[in-house]
Amino acid sequence: MARFEGVLEPGRFRIVMPLDEPSDLLDRLIVHELTHQFQYDIVPTSIDLMYVRDAAVSDIVARMSALQGYGSFSNPRVIYNLGHAA
């Protein structure tokens with residue numbers, strides 16, 4: 001019989017896992033599932049992806065070194081979106 005490891009439900013903001021594991025395994029499982037949550041939190045949002053896609057299609061993606069001081073972008077948010085992509 002397969003052992004239930006745990007599952008992250010990002011849409012419901014919860015982690016489901018067994019509590020009858022030894023403490024060392026439970027600690028490792030908590031870290032593992034929280035790592036998945038962190039990954040979901042840093043994934044760019046759809047608006048971030050839209051900005052990056054538009055910049056790529058328009059061929060206006062600046063070098064990362066040129067982004068200091070916001071460069072020539074009219075929207076300062078673009079810097080953060082391109083940073084996510086990098």
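Numbers here simply count residues along the sequence, with the first being 1. Not measured: the values here are computed from a predicted model.
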Q. How far apart are the C-alpha atoms of Glu33 and Val16, what are their side-chain angles, what is the distance that settles it, and do they pass the side chain to side chain contact (heavy atoms under 4.5 Å, CB included) test?
A. CA-CA 9 Å; Glu33 294 303 331; Val16 180; over 6 Å; no
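- Atom-to-atom distance recorded for Met17:CE and Leu25:CG is 12.5 Å, nearest 0.5 angstrom.
- For the side chain to side chain donor-acceptor pair (under 3.5 Å) test, residues two or more places apart in sequence or in another chain that qualify with His36 are His32, Gln39.
- Between the CG atom of Leu29 and the CG atom of Leu34 there is a distance of 9.5 Å, given to the nearest 0.5 Å.
- Residues satisfying the side chain to side chain donor-acceptor pair (under 3.5 Å) criterion with Arg28, sequence neighbours excluded, are absent altogether.
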